[in-house]
Amino acid sequence: MTNAEGTLTAAQYQILEVIWNGPKVGMTVTEIWEKICEQREVTRTTVLNQVDRLEKRGWLQRKKHDDGFRYVATQSREQASREIAEEFVDSYFAGSASDLLMSLLGTKKLKPAEIIRLREILNSKSSNRKTKK
């Protein structure tokens, strides 16, 4: 896995989602385009240009196959989500995850199951830090 550069637009993230949900051998531009067209209207050229940008910035890797070039993600969904979240927190909340969480809590009433899940995550992260010290 490589270190990808730059932020992702919603359209670029959608391309990565299609690839993450696709076959392990990767997908052709046409296959990516067809999947995205199931959700919204977009030209093949637009998808091709986005895929090209993602490859140049290290988010995708092009591999030669019998049926042409196939693209695979260079990072897992979890890695990409973590990097995007870190960059978002740094850019909009001065690096404070607690400020982000407080902002989220103020905009929507959480369901009891969501509160339980958040507590589990926080407790897990807290105990991980204690064992590493």
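Worth knowing before you read on, the calculation uses all heavy atoms, side chains too, and leaves out hydrogens, waters and symmetry mates.
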With sequence neighbours left out, write down each residue that passes side-chain contact (heavy atoms from CB on, under 4.5 Å) with L48, or none if nothing qualifies. V29, R44
Gap between atom NZ of K35 and atom CG of N21 - 0.5 Å precision: 8.5 Å
Ring-face cation contact, F69 with K63, 6.0 Å cut, 45° max: no
Where the side chain of W59 meets the backbone of E5, is there a donor-acceptor pair that is under 3.5 Å apart? yes
Show me the pairs that pass ring-ring contact (aromatic ring centres under 6.0 Å, His included) and involve residues 15-49, at least two apart or across chains. Y13-W20
Approximate separation, where rounding is to 0.5 Å, of C37 SG and I32 CD1: 12.0 Å
Pairing residues for Q14 by the side-chain contact (heavy atoms from CB on, under 4.5 Å) criterion, not counting sequence neighbours: I36, Q39, R40
Could you check if a side-chain atom of L16 sits within less than 4.5 angstrom of a side-chain atom of L60, using non-hydrogen atoms only? yes
Count I, L, V, M, F, W, Y as connected when their side-chain heavy atoms are under 4.5 Å apart, and connections chain through other members. Are I115 and L122 then in the same cluster? no
Ion pair check, E114 and R117, cut-off under 4.0 Å: no
Residue pairs passing the salt bridge (Lys or Arg N to Asp or Glu O under 4.0 Å) test where at least one lies in residues 15-30, sequence neighbours excluded: E17-R77
Who passes side-chain contact (heavy atoms from CB on, under 4.5 Å) against E31, sequence neighbours left out? M27, T28, R70
Distance col, row I116:CD1 vs K111:NZ, nearest 0.5 angstrom, shows 13.0 Å
List for me each residue that meets side chain to side chain donor-acceptor pair (under 3.5 Å) alongside T45, sequence neighbours excluded, and say none if there are none. none
Could you check whether any side-chain N or O of R62 sits under 3.5 Å from a backbone N or O of D52, counting only pairs where one atom can act as donor and the other as acceptor? no
Measure the spacing between CG of L54 and OG1 of T9 and express it to the nearest 0.5 Å. 7.5 Å
